[in-house]
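The block underneath contains the structure these notes are about, expressed in structure tokens.
Per chain, numbering begins at 1; letters A, B, ... match sequence-line order.
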2 protein chains.
Amino acid sequence: MPENTKDKERPFSRVVQKLRQVGLRPTRQRLALAKILFDGPCRHVTAEILHDEVSQANISVSLATIYNSLHQFTNAGLLREVVVDSGRTYFDTNISDHYHYFMEKEGCLKDIPRGAINFDMLPDEPEGKKFSRIEVIIHVTEESQK
Amino acid sequence: MPENTKDKERPFSRVVQKLRQVGLRPTRQRLALAKILFDGPCRHVTAEILHDEVSQANISVSLATIYNSLHQFTNAGLLREVVVDSGRTYFDTNISDHYHYFMEKEGCLKDIPRGAINFDMLPDEPEGKKFSRIEVIIHVTEESQK
DNA sequence: GTGTTTGCAAAGTGTTTGCAATTTA
DNA sequence: TAAATTGCAAACACTTTGCAAACAC
């Protein structure tokens, strides 16, 4: 099992930049996570899923670091937190305004395509308050279930 | 501290009925909880809030029983679970179709008045699936905060 | 070198569970 | 009395924290 170091830095350059832009040092751990998260289609992950995936890639990143990184990425605006399930935190790599399906059976999130859902009217913001975000989650079950 | 037993059953009759209707024995604990929950305006509670309130009324109900009861009430259709915050479960005594404000500062839920929010269009249910419920949560912050 | 980041293990939070004792019908 | 319910304490799942060692610049 010879170590493959040849493609160690080059393919990460985009990810390295992304981290640098938000002021996070591109450490081995953060690079591995960022590559999984941002180098491909948008994803919805939990800390545990990420931990499994990074492990499968034979990179060891502790759970504590995964949690730290997820929050750092979120604070930096690279991720968005989605709450569907008390006791489990999902992070969405799609940071644009959009809503979610929650597939009850699989326990996973899917983006609702832009334009597939629309508000006719919204309440007014109360005096001195503002709506910081509007979450819509459509729970999807199998036809047979109630 | 003389025990006050005179008004022990009568004022509970509505609540007793409610429990009986869904097949739950009106025990001392369930009655105390049901009275707090259903005898008055609609509420949003967590297990802890309920525990505090019932304790303040000098009735002792263990947290385990509170959790049990909240789930029993929910399964019986007397309550509805609302997820806003990972790590804390809210129960809503308003079981009609409606949506929520989440007041970030206070960490509490408020119902959005019926008709204040409306969908213009909704996605179609995929083949063999159905939308079991649609959750809308508007996060409300102070004007100054972002 | 200096300040940042990591990883472990321990602590924390909210919730669930097993089971003996108690209560309800 | 039989079956349901309760409460405790222990177990749980997920997340956060403190701190010494390792790392990035």
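Applying the salt bridge (charged side-chain N to carboxylate O under 4.0 Å, His left out) rule to pairs touching residues 51-72 of chain B yields B:Arg43-B:Glu53, sequence neighbours excluded.
Remark: A:Ser62 is in phosphate contact with C:dG7, judged by side-chain N or O atoms under 4.0 Å from OP1 or OP2. Regarding contacts with the backbone of C:dG14, every side-chain N or O of B:Thr89 stays at 4.0 angstrom or more from both OP1 and OP2. A close approach under 4.0 Å does not occur between any side-chain nitrogen or oxygen of B:Arg30 and OP1 or OP2 of C:dT24.
With a 3.5 Å ceiling on both atom-pair distances, the Watson-Crick or G-U wobble partner of D:dC19 is C:dG7. D:dA13: Watson-Crick or G-U partner is C:dT13, with both key distances under 3.5 Å. Using Watson-Crick or G-U wobble geometry with both donor-acceptor distances under 3.5 Å, D:dA2 finds its partner in C:dT24.
Using bins of under 30°, 30° to 60° and over 60° for the plane-to-plane angle, the ring pair A:Phe102/A:His139 lands in the perpendicular bin.
Atom-to-atom, CZ of B:Phe73 to P of D:dT5 comes out at 11 Å; the value is rounded to the nearest Å. Computed from coordinates, the B:Gln72 CD to C:dT17 P distance equals 13 Å when rounded to whole Å. In this entry the distance linking CD1 of B:Ile66 with C1' of C:dT15 reads 13 Å, nearest Å. Atom CG in A:Leu19 sits about 15 Å away from atom C1' in C:dT6, given to the nearest Å. In this structure, the CG atom of B:Asp85 is 10 Å from the P atom of C:dT15, given to the nearest Å. The distance from atom CG of B:Asn68 to atom C1' of C:dT17 is 9 Å, rounded to the nearest whole Å. Distance NE2 (A:His51) to C1' (C:dC8): 12 Å, rounded to an integer number of Å. Atom CG in A:Asp52 sits about 15 Å away from atom P in D:dA13, given to the nearest Å.
Looking at heavy-atom distances under 4.0 Å, A:Thr27 makes contact with sugar-phosphate atoms alone, never a base. Across all strands shown, B:Thr46 has no heavy atoms under 4.0 Å from either base or sugar-phosphate atoms. Across all strands, B:Ser60 comes closer than 4.0 Å only to sugar-phosphate atoms, never to a base (heavy-atom distances). Nucleic acid contact for B:Ser86: none, since no nucleic acid atom lies under 4.0 Å from a heavy atom of the residue.
The side chain of A:Glu48 lies closest to D:dC14 when the candidates are C:dG7, D:dC14, D:dA9. Here the nucleotide nearest the side chain of A:Tyr67, chosen from D:dT16, D:dC25, C:dG14, is D:dT16. Which of D:dG7, D:dT5, D:dT17 sits closest to the side chain of B:Gln29 comes down to D:dG7. Of the candidate nucleotides C:dA9, C:dA25, D:dT5, C:dA25 has the atom lying nearest to any side-chain atom of B:Pro26.
In the displayed structure, B:Asp120 atom CG is contacted under 6.0 Å by more than 12 heavy atoms of other residues, nucleotides or ligands.
Annotation: B:His44 is not in aromatic contact with B:Tyr90 [ring centroid separation under 6.0 Å not met]. Under the 6.0 Å cut-off for aromatic ring centres, A:Phe73 and A:Phe91 do not qualify, their centroids lying 6.0 Å or more apart.
With the nearest nucleotide of DNA chain D identified for both A:Arg28 and A:Tyr90, A:Tyr90 has the one nearer the 5' end. In terms of position on DNA chain D, the residue among A:His71 and B:Leu63 whose nearest nucleotide sits closer to the 5' end is B:Leu63.
Not a single donor-acceptor contact under 3.5 angstrom links the side-chain atoms of A:Arg25 to the base of C:dT5.
For the residue pair A:Ser86 and B:Ser86, no side-chain donor N or O sits within less than 3.5 Å of a side-chain acceptor on the partner.
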